[in-house]
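First the structure, in the form of structure tokens, and then the observations on it.
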Amino acid sequence: MLTLALVWFLTTAVADTSRPAAEGADVLASFFPSSNEIDQWVQSDSLRIFEGRDLYLLIDGGADIYFEYGFIRAGSAHYGNTGGNQLSLEIYEMKGPESGYGIFSFLAAGTGRPASFGQAAISGEDFVIFWKGRFVVSVTALDEGGRTGLSELVRAGDLKMKSEGSRPILTEVLLQPQFANSEVVYLRGALGFDRQPGPGRGSLFRFREGVSGAFGKCQTFVLRYETAAERDSAQQRVLKVMVNQGGYAYVSQGRSTGLLRSNRGAYLHVLGSEQYLQLVSGEGREDVLETAKKLRIAATGQKRQ
Amino acid sequence: MGNTINRRDFIFRSASLGTTIAFGGVLERLVGTAGYAGAEMPDLVVVEGANYYDSTRRAVETLGGMKQFVSKGSRVGLLVNSYFDKPGTYTKPQIALAVITMCYEAGAASITSLEDAPRSYWRRATLSKEDSERIDSVRSPGGTVTIDLPRGVKLKSVEILRDLLECDVLINMPIFKDHEGTRFTGVLKNIMGTTSSSSNRFFHKGALVSGYYDDPAFLSQCIADAHLVRKPTLCVADGTEMIVTNGPSGPGKIAKPHLVVAGTDGVAVDAYGATILGLRVEDVEMIQKAQDHGIGSADLNKLRITKLSV
């Protein structure tokens, strides 16, 4: 287990620590195609820029997840064609590439199919969302006719954005071949945590960063804390609440590990090591134990590479 | 929103809802009753169909018809989720239009759009001349009043639209969809379209541990508490096409069950709506908390549910 902790420590220590450049609203505005750049589509309203808390004005009731990941500013504009069709373009500037990837991974999970824009993208019938550096872009056709201009507007925005960035290192644990087909979500707080299948109660964990992904019939989490003591404190706190108030009971319990079963029949394997907490949840006891074992092997294998 | 009435101007207590209302002469309407008493009347009507206007009319007719809820000369408050513009994030205007038409047919004297749906919202539907005239006649809401909520668990007072209290008939028209925090929005969450921005900020700030809202339990309790102000007379919910990820604003994955759900119990309507999104009632805290307040019943096994296709 120490090996696992070391892997995570080392990989995190060399993580991209880039910060958003001191570029302002003008840079963000420059990413929006002007009216003569896209055939048959013109910007149909003024570009609006939302700084910090003003994001609530753009997405009232939906801004908080952006704040959790580290929001700087957003721009929003509509584009229309002569047929009266409408497209919406929104560009979100986050605190850095990790924040950008984080909110992208949250939005992408279970939402669409992979697409070839930016550094990573998904698309659906009416939209494209892509990640590039510290930016996340969403383009939405507001009506059926708008779908005809969707790809062109996405491409135009993509070409204007030059800076790229790296995914959070912690995500590599779940991006190895063993975990193929899993949708990896980078986590920065309780809102993101609680939206993943699993134990919930994200506000209790108070982790610094985390990653989650489906693996077979199980959901996996790897959470990082600042120190081992902080992790241990969180682990004890969470387990106490789960057992006393959350309907969980221990099936087995070790010094830093435990297998719990909820009153709904779900299993949760918890493993703490150094500043990392590994969680595996699922309906089948053997599935959960096997996945917990593979997750440790995957992390060890990552070090060997 | 201005014109806040000072709570000292009015003292009115509603024991049944545990609400101190800073407003006069409205208790009978606020207690909220179903518009019918028929023993065989369904609690919920679920209509499946591709023509959302027709589905809506059929749903209300199966509940006994709009005249059960709207009497001649009534002032109707219509709470339509119309804020966002991405597919699957707003109540289809065809559904709202069907309800507006039925209200006028039943003799409504006036209709107020409590969320003040913009003109661009109505342009998403194909409108006849008569439709446009009806929509033109829909009023914008006025100011707010502040109401004490002695029975509120987290929310002890709320600033809310005066028209929500003054209207004779309150029709709540949400879209069922995903929400980043509460996981689901429907009738109950829609009340935030009538509460002031300062009240909504309080809902969202929660314990302020993170400086932003990350406390869905707090938000859920506030929403349930806010419903102590008034129950809807009728709920007509859009379950036709909705985002099931990235709510409430989208864009997100869209499901198309093509359902319109109507009932008088907002908790029951939401309990059913949650299942459309693949959630269990116990997954949505605000439904449980609203039920705990006695606002309605989330026990789908005990509800009379009529399902139809058009």
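All values below were derived from every heavy atom in this structure, side-chain atoms included, with hydrogens, water molecules and symmetry-related copies excluded. A note on names: the letters A, B, ... follow the listed sequences, proteins ahead of strands, and every chain is numbered from 1.
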Can you give me the closest heavy-atom contact between [X] and [Y], atom names plus distance?
X: B:E180; Y: A:G61; answer: OE2-O, 3.8 Å
X: A:Y56; Y: B:Y83; answer: O-OH, 4.2 Å
X: B:P248; Y: A:G62; answer: CD-CA, 3.6 Å
X: A:F127; Y: B:G252; answer: CE2-O, 3.4 Å

| message | Within the supplied structure, the quantity of interest is the number of heavy atoms (other residues, nucleotides, ligands) at a distance under 6.0 Å from B:K154 NZ; does it exceed 12? | response | no
| field | Over 12 foreign heavy atoms within 6.0 Å of NZ, B:K92 | value | yes
| task | Enumerate by number any residue of residues 106-122 of chain A whose heavy atoms lie under 4.5 Å from heavy atoms of chain B; in the absence of such residues, state 'none'. | result | A:F106, A:L107, A:A109, A:G110, A:T111
| A:R195 side chain to B:R183 backbone, donor-acceptor under 3.5 Å | no
| Who wins among A:T140, A:D126, A:V139 for the most heavy-atom pairs under 4.5 Å with chain B? | A:T140
| task | Please flag which part of A:I59 lies under 4.5 Å from any non-hydrogen atom of chain B: side chain, backbone, both or neither. | result | both
| message | Apply side chain to side chain contact (heavy atoms under 4.5 Å, CB included) to residues B:D85 and A:H78 and explain how you reach the verdict. | response | CA-CA 11 Å; B:D85 63 359; A:H78 289 82; 2.8 Å; yes
| Would A:D143 and B:R123 count as a salt bridge (charged side-chain N to carboxylate O under 4.0 Å, His left out) if you check the C-alpha gap in whole Å, the side-chain angles of each, and the deciding distance to 0.1 Å? | CA-CA 11 Å; A:D143 46 60; B:R123 281 199 293 266; over 6 Å; no
| message | Please identify, among B:G88, B:P87, B:S249, the residue contributing the most non-hydrogen atom pairs under 4.5 Å to chain A. | response | B:P87
